[in-house]
Amino acid sequence: MASIRRAVPADAAVLAELGTATFVETFGHLYAPTDLQAFLEESHSIAAYEQVLADASGYALWIAECDGRAIGYAQAGPCGLPHTDVRPEDGEIKRLYLRREAQSGGVGRALMDAAMAWLLHDGPRTLWLSVWSENFGAQRFYARYGFAFVGEYEFIVGDQRDREFIYRRVAQA
């Protein structure tokens with residue numbers, strides 16, 4: 001059984017390895033090696049995770065572990081998606097990734113629940129997330145949480161532009 005805990009600054013290296021592994025496992029086949037490597041160095045480096053973990057008031061991350069091994073993580077924070085309806089007080093599920101062998105066993109739900117509880121700890125607010133246009137399983141998962149499609153934008157990895165969907169869950173009293 002997996003355990004979920006809030007990530008701390010000392011977890012930056014674990015998160016960098018996990019973030020790289022899960023991104024490559026899920027999306028690596030879509031990109032040229034040079035584009036993929038540049039993206040990973042920018043978005044999934046130890047330094048990138050150290051920076052996010054240092055901002056404990058604005059961002060939070062959770063790690064799922066099983067038998068001492070990191071198998072998934074979630075990241076939440078202020079919404080940074082390019083949609084005209086985004087407000088400064090809105091929150092975003094920024095990342096939710098699991099190693100392939102950990103999928104469909106409830107770990108994703110536990111991570112999502114932790115991130116949403118943190119985003120909503122001061123009361124209801126609108127939440128956002130983005131998902132690759134062809135990740136249908138993730139889209140169904142987020143729909144179960146009340147998220148609905150509201151737009152799209154280009155997610156850039158090197159020279160490639162991917163069609164990314166924007167989902168919103170309006171504040172619920």
Side-chain angles (χ1 to χ4, degrees), residues 2 4-56 58-83 86 91-105 107-108 110-112 114-115 118-119 127-142 147 149 151-167:
I4 308 293
R5 67 174 176 84
R6 179 93 178 257
V8 297
D11 291 317
V14 169
L15 286 162
E17 185 281 325
L18 181 60
T20 295
T22 55
F23 190 87
V24 169
E25 186 176 76
T26 307
F27 302 113
H29 66 284
L30 298 173
Y31 305 109
T34 55
D35 289 344
L36 178 61
Q37 188 59 38
F39 176 79
L40 294 173
E41 288 172 4
E42 177 184 338
S43 298
H44 292 284
S45 66
I46 293 173
Y49 284 100
E50 285 175 337
Q51 183 176 0
V52 172
L53 289 165
D55 185 1
Y59 294 90
L61 290 100
W62 295 265
I63 299 175
E65 297 169 316
C66 186
D67 298 326
R69 180 174 181 244
I71 59 170
Y73 77 108
Q75 179 180 343
C79 185
L81 292 170
H83 193 282
V86 170
E92 180 183 349
I93 303 291
K94 295 188 171 285
R95 294 181 179 164
L96 177 61
Y97 287 106
L98 294 172
R99 294 185 190 272
R100 186 167 287 129
E101 72 269 13
Q103 294 175 4
S104 300
V107 178
L111 286 165
M112 184 72 167
W118 182 82
L119 284 166
L127 301 179
W128 300 79
L129 57 82
S130 70
V131 60
W132 181 42
S133 60
E134 296 182 38
N135 191 342
F136 306 115
Q139 292 169 32
R140 287 189 301 272
F141 175 80
Y142 297 132
F147 285 87
F149 174 87
E152 60 184 76
Y153 71 105
E154 290 184 331
F155 185 84
I156 300 170
V157 176
D159 291 328
Q160 185 163 326
R161 308 297 190 256
D162 290 328
R163 189 172 174 214
E164 188 85 353
F165 287 165
I166 299 173
Y167 278 62

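Computed from a predicted model, the values in this text were never measured in an experiment.
Between the CG atom of Leu15 and the OG atom of Ser45 there is a distance of 11.5 Å, given to the nearest 0.5 Å. Summarising the geometry, atom CG belonging to Asn135 is positioned 7.5 Å from atom OH belonging to Tyr142; distances are rounded to the nearest 0.5 Å. In this structure, CZ in Arg95 is found 14.0 Å from CG in Leu111, a value given to the nearest 0.5 Å. With values rounded to the nearest 0.5 angstrom, Glu154 atom CD is found 11.0 Å from Glu164 atom CD.
Shown here is Gln51, whose CD atom has no more than 12 heavy atoms of other residues, nucleotides or ligands within 6.0 Å.
Closest heavy-atom contact between Ala64 and Val107: CB-CG1, 3.4 Å. Listed here is the closest heavy atom pair of Leu53 and Ala7: CD2-CB, 3.8 Å. Heavy atoms only, all atoms of each residue included: Ser130 and Tyr153 are closest at OG-OH, 3.3 Å. In this structure, Ala60 and Trp118 approach most closely via the heavy-atom pair CB-CE2, 3.6 Å. Scanning all heavy atoms of the two residues, the minimum distance from Leu129 to Met112 falls at CD2-CE, 4.2 Å.
For Thr20, the side chain to side chain contact (heavy atoms under 4.5 Å, CB included) test picks out Val24, Leu40, His44, with sequence neighbours left out. Qualifying side-chain hydrogen bond (donor to acceptor under 3.5 Å, both in side chains) partners for Glu17, counting only residues two or more places apart in sequence or in other chains: Arg99. Residues that satisfy the ring-ring contact (aromatic ring centres under 6.0 Å, His included) test with Phe155, not counting sequence neighbours, are Phe39. With sequence neighbours excluded, the residues forming a ring-ring contact (aromatic ring centres under 6.0 Å, His included) with Phe27 are Phe23, Trp132, listed by chain and number.
Tyr31 and Asp162 share a side-chain donor-acceptor pair at under 3.5 Å.
Pairs engaging residues 32-54 under the salt bridge (Lys or Arg N to Asp or Glu O under 4.0 Å) rule: none recorded [sequence neighbours left out].
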Open item on the list: side-chain contact (heavy atoms from CB on, under 4.5 Å) for Leu127 and Ile93? Distances and angles first, verdict last.
Closed with: CA-CA 7 Å; Leu127 301 179; Ile93 303 291; 5.6 Å; no

Open item on the list: Go through it in stages, so that I can follow the logic: the residues are Leu96 and Phe141, the test is side-chain contact (heavy atoms from CB on, under 4.5 Å), and I'd like the CA-CA distance, side-chain angles, deciding distance and then a yes or no.
Closed with: CA-CA 11 Å; Leu96 177 61; Phe141 175 80; 3.6 Å; yes

Open item on the list: Could you walk me through whether Val157 and Leu30 satisfy the side-chain contact (heavy atoms from CB on, under 4.5 Å) test, starting with their C-alpha distance in whole Å, then the side-chain angles of each, then the deciding distance to 0.1 Å, before giving a yes or no?
Closed with: CA-CA 10 Å; Val157 176; Leu30 298 173; over 6 Å; no

Task: Evaluation steps, side-chain contact (heavy atoms from CB on, under 4.5 Å), between Gln139 and Tyr167 - done: CA-CA 9 Å; Gln139 292 169 32; Tyr167 278 62; 3.4 Å; yes

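The backbone N or O of Tyr97 sits nowhere less than 3.5 Å from a side-chain atom of Thr22 that would complete a donor-acceptor pair. Remark: the backbone N or O of Val8 is paired with a side-chain donor or acceptor of Asp11 at under 3.5 angstrom.
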Quick one: side chains of residues 69-77, donor-acceptor pairs under 3.5 Å with protein atoms, not counting sequence neighbours, listed by atom name and distance.
{"residue": "Arg69", "atom": "NH1", "partner": "Glu101", "partner atom": "OE2", "Å": "2.5"}
{"residue": "Tyr73", "atom": "OH", "partner": "Tyr49", "partner atom": "OH", "Å": "3.0"}

